[in-house]
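Remarks on the structure that follows.
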Protein chains: 2
Amino acid sequence: MSVSEAAPKLAERYDLYAELARRGIRLTRQRRVLVETIQNASRHLDAESLWRQARARDASINLATVYRTLGMLKKLGLVDELDLMHLEGEKHYYEVSRARAHLHLACFGCGRIEEYQTEAFERLRQQVEEACGFAIQTGRLEFGGRCRHCRA
Amino acid sequence: MSVSEAAPKLAERYDLYAELARRGIRLTRQRRVLVETIQNASRHLDAESLWRQARARDASINLATVYRTLGMLKKLGLVDELDLMHLEGEKHYYEVSRARAHLHLACFGCGRIEEYQTEAFERLRQQVEEACGFAIQTGRLEFGGRCRHCRA
DNA sequence: GTATTTGCAAAAGCTTTGCTGCAAC
DNA sequence: GTTGCAGCAAAGCTTTTGCAAATAC
């Protein structure tokens with residue numbers, strides 16, 4: 001590439017609690033458990049994994065409530081929905097939004113998901129907004145291929 | 001943006017027939033109709049639209065055959081599968097691949113899909129390959145927001 | 001007390017699959 | 001004649017929805 005550029009570490013996740021409070025949104029007991037589970041997730045969750053993890057803390061939580069809560073957080077822009085190149089069926093994955101965009105790399109060999117943040121992506125987004133007159137609200141960049149380890 | 005750059009017109013679609021012939025792949029009658037329909041589609045097709053269009057020419061074609069043919073073309077890298085930000089349910093859309101990557105803009109207001117090709121996307125892809133050691137086979141960049149007309 | 005949310009079960013939407021017979025060479 | 005593909009119908013998987021009961025304030 002022409003301009004050398006270090007890969008910045010990922011920006012911090014939003015603090016869901018703080019954001020919801022700031023917007024005056026109150027949570028029921030179930031939603032509180034779900035929000036906490038999402039906030040502390042160590043990997044990309046699909047609806048059913050989230051459900052399983054949340055049920056460990058509140059066995060009464062229903063999968064429909066999981067979807068309804070995810071829908072609310074999506075609409076508020078607090079979580080992003082990913083496809084991860086449909087590596088594993090058609091389910092969606094969810095992650096807490098961050099102040100800066102990042103992209104996802106899905107390895108067709110081992111299923112590993114990598115994340116990468118770069119200014120070039122932010123700049124591209126801005127270029128598109130200006131060139132197309134489009135007010136971008138959300139975006140998703142996913143690459144599929146073979147990771148460093150699976151190429152060998 | 002820092003570097004002014006004209007938006008190139010989209011690169012040409014692959015010629016599916018030629019590519020299949022080059023690889024020594026022969027088509028059945030149904031697949032021939034499907035390939036032609038995809039090649040000449042004027043907009044992004046989902047499986048059912050493709051089915052409807054193809055059935056106008058061969059009423060016997062089954063939806064399962066549509067999916068099987070799309071699967072083959074995907075695997076060969078001749079068509080790309082898009083989500084278009086799930087603007088309309090969870091179905092997928094298909095388009096003939098092109099020599100250069102382009103991105104999609106989905107308007108949440110009117111449902112319009114725009115396409116945009118820029119060198120910056122190609123460069124970003126290459127940067128990612130080098131920085132992450134990833135051999136990218138396919139990629140998808142989609143933005144959702146409000147188009148020029150819906151912002152007014 | 002009123003408004004919202006929940007659990008449940010059923011439905012919906014899209015895609016895949018098993019199988020038998022037909023088509024391609 | 002062998003190999004693979006098509007049609008059909010059924011199943012599969014993920015997500016959404018209607019409704020009565022429960023919860024939140």
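You won't find any donor-acceptor pair under 3.5 Å spanning the side chain of B/Arg26 and the base of D/dG4, going by distance alone. A donor-acceptor contact under 3.5 Å is formed by the side chain of A/Arg68 with the base of C/dG7.
You'll find that the side chain of B/Ala64 is closest to C/dT17, out of C/dT6, D/dA6, C/dT17. For A/Tyr67, the side-chain atoms get nearest to D/dT15 when compared with the rest of D/dT15, C/dT15, D/dC8.
An OP1 or OP2 oxygen of C/dT15 is reached within less than 4.0 angstrom by a side-chain nitrogen or oxygen of B/His92. When the side-chain nitrogen and oxygen atoms of A/Thr28 are compared with OP1 and OP2 of D/dT23, none of them lie within a distance under 4.0 Å. For D/dG7, one of the phosphate oxygens OP1 or OP2 lies less than 4.0 angstrom from a side-chain nitrogen or oxygen of B/Ser60. One finds a side-chain N or O of B/Asn62 lying less than 4.0 angstrom from the OP1 or OP2 phosphate oxygen of D/dC8. Contact annotation: B/Arg31 reaches the phosphate of D/dA6 (side-chain N/O to OP1 or OP2, under 4.0 Å).
Clustering of Ile, Leu, Val, Met, Phe, Trp and Tyr side chains at separations under 4.5 Å places A/Ile113 together with A/Leu82, A/Leu84, A/Met85, A/Leu87, A/Tyr93, A/Phe108.
Residue whose closest nucleotide on DNA chain C sits further toward the 5' end, between B/Arg32 and A/Thr69: A/Thr69.
Across the protein-nucleic acid pair, B/His86 atom NE2 and D/dT14 atom P stand 14 Å apart, rounded to whole Å. Atom pair A/Leu63:CG and C/dA10:C1' shows a separation of 14 Å (rounding to whole Å applied). Per the geometry, CG belonging to A/Leu27 stands 12 Å off C1' belonging to C/dT5, to the nearest Å. Between B/Glu90 atom CD and C/dG13 atom P the separation is 12 Å, expressed in whole Å. Taking atom OH on A/Tyr93 and atom P on D/dC13, their separation rounds to 14 Å, with Å as the unit. Between A/Lys74 atom NZ and D/dT16 atom P the separation is 6 Å, expressed in whole Å. Rounded to whole Å, the distance from CG on A/Leu84 to P on D/dT14 is 14 Å. B/Glu81 has its CD atom 10 Å from the C1' atom of C/dT15, to the nearest Å.
Tested against B/Phe143, the residues A/Thr138, A/Val128, A/Leu141 include a single side chain to side chain contact (heavy atoms under 4.5 Å, CB included) partner, A/Val128.
Contact annotation for A/Gln30: backbone-only contact, meaning every heavy-atom pair under 4.0 Å involves sugar-phosphate atoms and none involves a base.
Residues B/Lys91 and B/Glu48 are not paired through a salt bridge, judged by the lack of any N-O separation under 4.0 Å between the basic side chain and the carboxylate. Taking the charged nitrogens against the carboxylate oxygens, A/Arg23 and A/Glu19 do have a contact shorter than 4.0 Å, which makes a salt bridge.
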Exercise. Could you please spell out the steps behind the side chain to side chain contact (heavy atoms under 4.5 Å, CB included) verdict for A/His92 and A/Asp83?
Key: CA-CA 5 Å; A/His92 296 140; A/Asp83 296 294; 3.1 Å; yes

